[in-house]
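If you're wondering where the values come from, they're calculated on a predicted model, not measured in any experiment. Lettering of chains follows the sequences in order, A, B, ..., and the numbering in each one begins at 1. The analysis underlying the following values was restricted to heavy atoms, covering all of them including side chains, and did not include hydrogens, waters or symmetry mates.
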Amino acid sequence: MKVVTWNVNSLKVRMPRVLELLAALEPDVVCMQETKTEAAAFPADELAAAGYDAVHHSAGRWAGVAILARHEVGPIADAVSGLSGELREDEARWVEATVSGMRVASVYVPNGREVDSPTYDEKLAFLDAIAERAGQLRSSDEPMLIAGDFNVAPADIDVYDVAAFEGSTHVQPEERRRVEAILEAGELVDAYRELHPDDVHYTWWDYRQGHFHRGMGLRIDLALLSARAAGTLTACGIARDFRKGTKPSDHAPLVVEL
DNA sequence: ATGGCTCGTTATACGAGA
């Protein structure tokens, strides 16, 4: 099974690149973030024509998450939108569903903006809520995958210039501790790090100043696998070509092979 | 040089993103 997670930064603008990815990689499951679409405008028909069912949690101009499943892998079951314990239930940041016997969550963690801002506290609370949910799912029979934009670089190796992020969100010890707590609560592994312990590769680059071409990025998009799912992990890579070309997202897709 | 892009918006400048 091939799973992709991708922060598309507007599904409306990115639809040509999404269809390109579906045709090129033929993923079985896709977790998307920052769809930025009203529920009524979600392009379910276009995705169905491309061979994919979808469930989504949509709240208009910001955030928005979705899970796609290729028709051949079977129906998407027991979809739940929203995360127990999140402080802003009006923001669409979590959707989970069962696909091919695996519990899959697509997550878009709040950015946090500035340390000491109210949204930063909401970010920390959201990470705590993920840990709580991961703990619940651990005790179920289904293998688990939590994939998305965590807006946290788990370690210094995941940051192009640690000094440049001094005092910034995404690298703070309290954020990283919470990501660790998610791994512990769900008995999860970071799929990319599991297979590439020392590789320096990123999933996001600022649009400005040619950061992508200068290798200035962060690894903030993660696929977290429960032990049963991780036992079938064969490959995990970053599809950097989708950060190039016409109208790219500022994130590259993360591709997981199970 | 404190911006630099790229999104969406009861838009036409501004907030948000990371």
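Rounded to an integer number of Å, the gap from A:Asp250 CG to B:dC7 C1' is 9 Å. To the nearest angstrom, C1' of B:dC14 lies 10 Å from CH2 of A:Trp62. For the pair A:Asn7 CG and B:dA16 P, the computed distance is 17 Å after rounding to whole Å. Remark: C1' of B:dC7 and NE2 of A:His251 are 12 Å apart, rounded to the nearest angstrom. A straight line from CZ of A:Arg88 to C1' of B:dA16 spans 14 Å, rounded to a whole angstrom. Summarising the geometry, the separation between CZ on A:Arg61 and P on B:dC14 is reported as 16 Å, rounded to the nearest angstrom. Rounded to an integer number of Å, the gap from CG of A:Leu11 to C1' of B:dG17 is 17 Å. Look at CZ on A:Phe212: it is 14 Å from P on B:dT6, rounded to the nearest Å.
Residue-level contact check: A:Asp221 touches neither bases nor backbone, having no heavy atom under 4.0 Å from any strand. A:Asn151 comes within contact range of the sugar-phosphate backbone alone, with a heavy-atom separation under 4.0 Å but no base atom that close. Nucleic acid contact for A:Phe150: none, since no nucleic acid atom lies under 4.0 Å from a heavy atom of the residue.
Set against B:dG17, B:dC7, B:dG4, the side chain of A:Tyr108 has B:dG17 as its closest nucleotide. Closest to the A:Asn9 side chain, of the nucleotides B:dG17, B:dC7, B:dA16, is B:dC7. Of the candidate nucleotides B:dT6, B:dG4, B:dG15, B:dT6 has the atom nearest to the side chain of A:Arg14.
In this model, the phosphate group of B:dA16 is not approached by any side-chain N or O of A:Lys36 to a distance below 4.0 Å at OP1 or OP2. For B:dG17, one of the phosphate oxygens OP1 or OP2 lies less than 4.0 angstrom from a side-chain nitrogen or oxygen of A:Arg113.
In this structure, A:Asp206 CG and A:His211 NE2 are separated by 5.5 Å, a value rounded to the nearest 0.5 Å.
The same atom, P, is picked in B:dG17 and in B:dT2; the two are 23 Å apart, to the nearest Å. The same atom, P, is picked in B:dG8 and in B:dG3; the two are 24 Å apart, to the nearest Å. Comparing the P positions of B:dT10 and B:dA16 gives a spacing of 14 Å, expressed to the nearest Å. Nucleotides B:dG15 and B:dA1 have their C1' atoms positioned 23 Å apart, rounded to a whole Å. For the P atom pair drawn from B:dA11 and B:dT6, the interatomic distance equals 24 Å after rounding to whole Å.
Counting heavy-atom neighbours within 6.0 Å of A:Lys2 NZ, excluding the residue itself, gives a total above 12. For A:Asp161, the CG atom is densely surrounded, since the number of other residues' heavy atoms within 6.0 Å is greater than 12.
Nearest-nucleotide assignment on DNA chain B puts the 5′-proximal partner with A:Tyr207, out of A:Tyr207 and A:Phe165. Comparing A:His170 and A:Arg208 along DNA chain B, the residue whose closest nucleotide (by nearest heavy atom) sits nearer the 5' end is A:Arg208.
The closest donor-acceptor contact from the side chain of A:Arg17 to the backbone of A:Thr246 lies under 3.5 Å.
Ring geometry for A:Phe42 versus A:His56: interplanar angle under 30°, hence parallel rather than tilted (30 to 60°).
A:Val256 and A:Ile182 are members of different hydrophobic clusters when ILVMFWY side chains are connected at heavy-atom separations under 4.5 Å.
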